[in-house]
Amino acid sequence: MKRFAGLSLLMDLVSALGSGESSVIDKSTIYKYNLPIMKKQNTHWADSTAEKITRQKGEKEQYVCASGITPSGTVHIGNFREIISVELVVRALRDMGKDVRFIYSWDDYDVFRKVPKNMPQAELLETYLRKPITLVPDTRYSYSSYAEANEKELEQILPQVGVEPEYIYQAQRYRSAYYAEGIRTALEHRDRIREILDEHRTTPLPEDWWPVSVFSSFTDRDNTTVLDWDGQWGLTYRCEDTGREETVDLRDCAVAKLPWRVDWPMRWSHEGVDFEPAGKDHHSEGGSFDTARRLVKEVYGAEAPVTFQYDFVRIKGRGGKISSSSGEVVGLPEVLEIYQPEIVRFLFAGTRPNSEFAISFDLDVLKIYEDYDKCERIYFGVQEVGEKKRAKESRIYELSQVHDVPKTMPLQVPFRHLCNLLQIHSGDVDAVLGQYELNREQKERLGQRARCAWNWITRYSPEDFRFHLQGQDDPRVELDEKQRSVLRALKVEVEKLVEHDEESLGTAIYDIARDAEIEPKELFSTVYRILIGKEKGPRLAGFIFTVGREKVLRILERYV
RNA sequence: GGGCCGCUAGCUCAGCUGGUAGAGCAACGCCCUUUUAAGGCGUGGGUCACUGGUUCGAACCCAGUGCGGCUCACCA
């Protein structure tokens, strides 16, 4: 870059001298070639975040990147943005040669506040309201709790997209009194914490407020009132459901928990978190990140992590909302049915976190696959683009890979073409793959893509895209003599298909129409009706090649 | 009310630490005696929301205005 800038300047100088016009070298010429020399090349957001972390946190033996959500419902694709954002930054740090601890916190000691719609045994679940979700039974599968069911559902699938964090279960930690020290510190700073929180509240916290909440050991519910703290480890509370009172020792009790706004900074300090992003609900002034930033400093004596705000993910081309309230949730499994793992990563790596984007299930799917393939061609230098764009796309490609970048460019079979091939073979993925010479890695990638294509065709594609080759069981189409003669002529051409290429076959088809004095349009619709039982179809010449000589002949023979 | 984000071609958007405004689709045109939902080639099209400022130079940085969206001020 520097060399080229200098070279250009030199050429400008030479041409200026040659023309004898000294005024050609004006200020703007000087600046134009000076300033870019100082300019850093533009970097991917994950890399610039990684740099920011090392800059702000200084050189460390290990950096801690944290992510976490509440498993109080099925984890949807919006939540996934949290995880993948951290994963990409983790990878960027590791690419800088840094050692990174990637932790993922399951907030499974949160309260079960309402029963999600469409849950089996809703009445049973009803009885667990106000208890921690880790104690709520799993009524869908056979996990030990509602929380665990949601956790495992995600944990099992994350490795497929290259995300393998260290999981931390907050319920387990709280219930083993692991955070006793952190809770005590909060109690010691009770007044300061209240002051800070009150700055952003409309109604101030009451005088008798304590920065801790308790799940009654009599009922497991959080309908309790903290009565006193002895300044050491003793906490006294009253269970409002039973009226009973109890004093517990923070060092060996399972019932005390910090409220979210205090819990978060406590954990930052406990784990030494260097980076943690958050959704926009946390990132407003007066939001929980804001108060946590102050609390971690003033109460726990630590610095807040580097952060950024990520926006929501919309869903396009699929009924139902992303949220769990509608019952139909779009989660990572649903997305992976349509998109290959590296393309799921590509979607998130290619979009800056702070902008909203949609995951599409409609026709956009075709474009996304084309975009990914283009990105891949640019990475492997098969498609030429400007240097700036090449650098950018290449980095996105690297970050999109689940593991290592392939050594050679994978065979690219366009998604759209796969859709046709699969329909010709009635969804038989192996039959389609069998047409290609593939090594193991290619076979795996293409197999995934083929399964996605079949899923898309059968579940989401517009009716226009769907067809199936007519077989012996399908009803014969009524034809007149003219149409039959056209089919006979076509059969002749198909029999000598090896002599044709797509173009010559196309020409031959038009010749047939002209000779028979039939409108090409009618010819096409006739052929489509007998081949796939529809009025229209993919471009015919290419389609005949794709279907193959034998299959086409078998169908034609029914009519001649 | 506070905060954040967005406003770029007819549409969807890219362009992001300042250096001659881009892509896809749409439109229009041309091509093969030739287009059916996927052909090839080409063309046109933008006061980068607005007003100021900084700068040799601003879509980009700063201040403000307008419009749209989200979010916090309960809980997590």
Side-chain angles (χ1 to χ4, degrees), chain A residues 5 8 26-45 48 51-52 68-70 72 107 109-114 133 197-203 205 213 222 257-261 263-264 278-291 308-312 316 350-358 360 363-364 366-367 370-371 374 385-386 388-389 392-393 414-417 419-420 461-467 502-504 506-511 513-514 519-525 527-528 534-543:
Chain A
S8 303
D26 57 10
K27 262 184 170 177
S28 94
T29 306
I30 304 281
Y31 280 107
K32 181 180 173 184
Y33 292 108
N34 273 340
L35 290 183
I37 291 170
M38 318 306 284
K39 197 176 79 174
K40 273 189 189 172
Q41 60 178 353
N42 64 331
T43 45
H44 190 272
W45 58 262
S48 52
E51 271 175 43
K52 189 175 176 186
I69 56 168
T70 303
S72 59
D107 297 337
Y109 209 38
D110 288 354
V111 184
F112 189 53
R113 300 164 72 206
K114 65 176 181 187
I133 52 177
L197 294 184
D198 274 348
E199 284 176 26
H200 299 283
R201 294 177 61 95
T202 36
T203 54
L205 292 162
S213 63
D222 71 343
K257 175 184 188 279
L258 291 175
W260 166 246
R261 282 183 186 246
D263 174 71
W264 205 13
K280 57 207 298 183
D281 47 340
H282 297 299
H283 261 291
S284 281
E285 186 167 289
S288 56
F289 195 95
D290 211 32
T291 53
F308 59 65
Q309 174 183 318
Y310 56 85
D311 209 315
F312 297 135
K316 187 159 165 275
T351 312
R352 280 210 305 285
N354 202 3
S355 55
E356 186 176 304
F357 78 106
S360 297
L363 278 174
D364 289 355
L366 301 175
K367 182 174 165 27
E370 280 166 20
D371 287 349
K374 182 178 178 186
V385 288
K388 210 171 171 181
K389 176 142 184 151
K392 185 188 164 196
E393 295 285 315
F415 192 80
R416 185 192 286 267
H417 186 59
C419 287
N420 285 340
S461 71
E463 178 55 32
D464 277 358
F465 273 76
R466 303 184 190 184
F467 66 83
E502 201 171 313
E503 195 185 339
S504 69
T507 307
I509 290 170
Y510 279 92
D511 287 344
R514 194 192 54 214
E519 284 297 316
K521 214 177 180 77
E522 192 188 340
L523 184 156
F524 283 120
S525 68
V527 178
Y528 289 127
K534 297 179 67 165
E535 290 295 316
K536 292 178 173 182
R539 287 171 62 79
L540 188 56
F543 188 58

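In this text the structure is predicted, and so the values were computed from the model without any measurement.
Residue A:D371 is classed as having no contact, given no heavy-atom separation below 4.0 Å to the nucleic acid. Contact annotation for A:S355: no contact, since no heavy-atom pair falls under 4.0 Å across all strands.
Consecutive Watson-Crick or G-U pairs involving RNA chain B, each under 3.5 Å on both distances, make up stems of three or more pairs at B:1-7 with B:66-72, B:10-13 with B:22-25, B:27-31 with B:39-43, B:49-53 with B:61-65.
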Sub-3.5 Å pairs of nitrogen or oxygen atoms, protein against nucleotides 21-24 of chain B:
none

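Around atom NZ of A:K534, more than 12 heavy atoms belonging to other residues, nucleotides or ligands sit under 6.0 Å away.
By the 4.0 Å N-to-carboxylate-O rule, A:D311 lies too far from A:R352 to be salt-bridged with it.
Residues A:T351 and A:W45 come closest through the heavy atom pair O-NE1, 3.2 Å. Heavy atoms only, all atoms of each residue included: A:F467 and A:N420 are closest at CE2-OD1, 3.4 Å. Scanning all heavy atoms of the two residues, the minimum distance from A:T203 to A:R201 falls at O-NE, 3.0 Å.
Side-chain atoms of A:N354 lie closest to B:rC5 of the nucleotides B:rG15, B:rC5, B:rA76. With B:rG39, B:rG15, B:rA76 as the candidates, the nucleotide lying closest to the side chain of A:T70 is B:rA76. Minimum atom distance to the side chain of A:K521 is reached by B:rU36, of the listed B:rG15, B:rA76, B:rU36.
In this structure, A:W260 and A:H282 have tilted ring planes: the angle between them lies in the 30° to 60° band.
Going from the P atom of B:rA76 to that of B:rG68 covers 34 Å, rounded to whole Å. A distance of about 15 Å separates the P atoms of B:rC5 and B:rC60, rounded to the whole Å. Distance check on atom C1': B:rU17 versus B:rC25 gives 32 Å, rounded to whole Å. Rounded to the nearest Å, the gap between the P atom of B:rG64 and that of B:rA27 is 44 Å. Rounded to the nearest Å, the gap between the P atom of B:rG66 and that of B:rU51 is 15 Å. B:rG44 and B:rG10 have their P atoms separated by 15 Å, with the value rounded to a whole Å. Taking atom P in both B:rA9 and B:rC72, one finds a spacing of 32 Å when rounded to whole Å. When the C1' atom is used for both B:rG22 and B:rA59, the distance is 12 Å, rounded to whole Å.
Evaluation of atom-type donor-acceptor distances gives no pair under 3.5 Å for the side chain of A:R539 against the base of B:rU36.
Looking only at distances, no side-chain donor or acceptor of A:D110 sits under 3.5 Å from a matching main-chain atom of A:I133.
OP1 and OP2 of B:rA37 both lie 4.0 Å or more from every side-chain N or O belonging to A:R466.
Partners of A:D511 according to the side chain to side chain donor-acceptor pair (under 3.5 Å) rule, which considers only residues two or more places apart in sequence or in another chain, do not exist here. Take A:H283 and apply the ring-ring contact (aromatic ring centres under 6.0 Å, His included) test, not counting sequence neighbours, and it matches A:F289. Remark: A:E199 pairs with A:R294 by the side chain to side chain contact (heavy atoms under 4.5 Å, CB included) rule, at least two apart or across chains.
When the nearest nucleotides of RNA chain B are assigned to A:R352 and A:F524 by heavy-atom distance, the more 5′-ward of the two goes with A:R352.
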(message) One character per nucleotide, please: for nucleotides 61-74 of chain B, 5' to 3', B when the base has a protein heavy atom closer than 4.0 Å, S when only the sugar-phosphate does, - otherwise.
(response) ---------SBSSS
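For the residue pair A:R113/A:S72, the side-chain donor-acceptor check at 3.5 Å is not satisfied.
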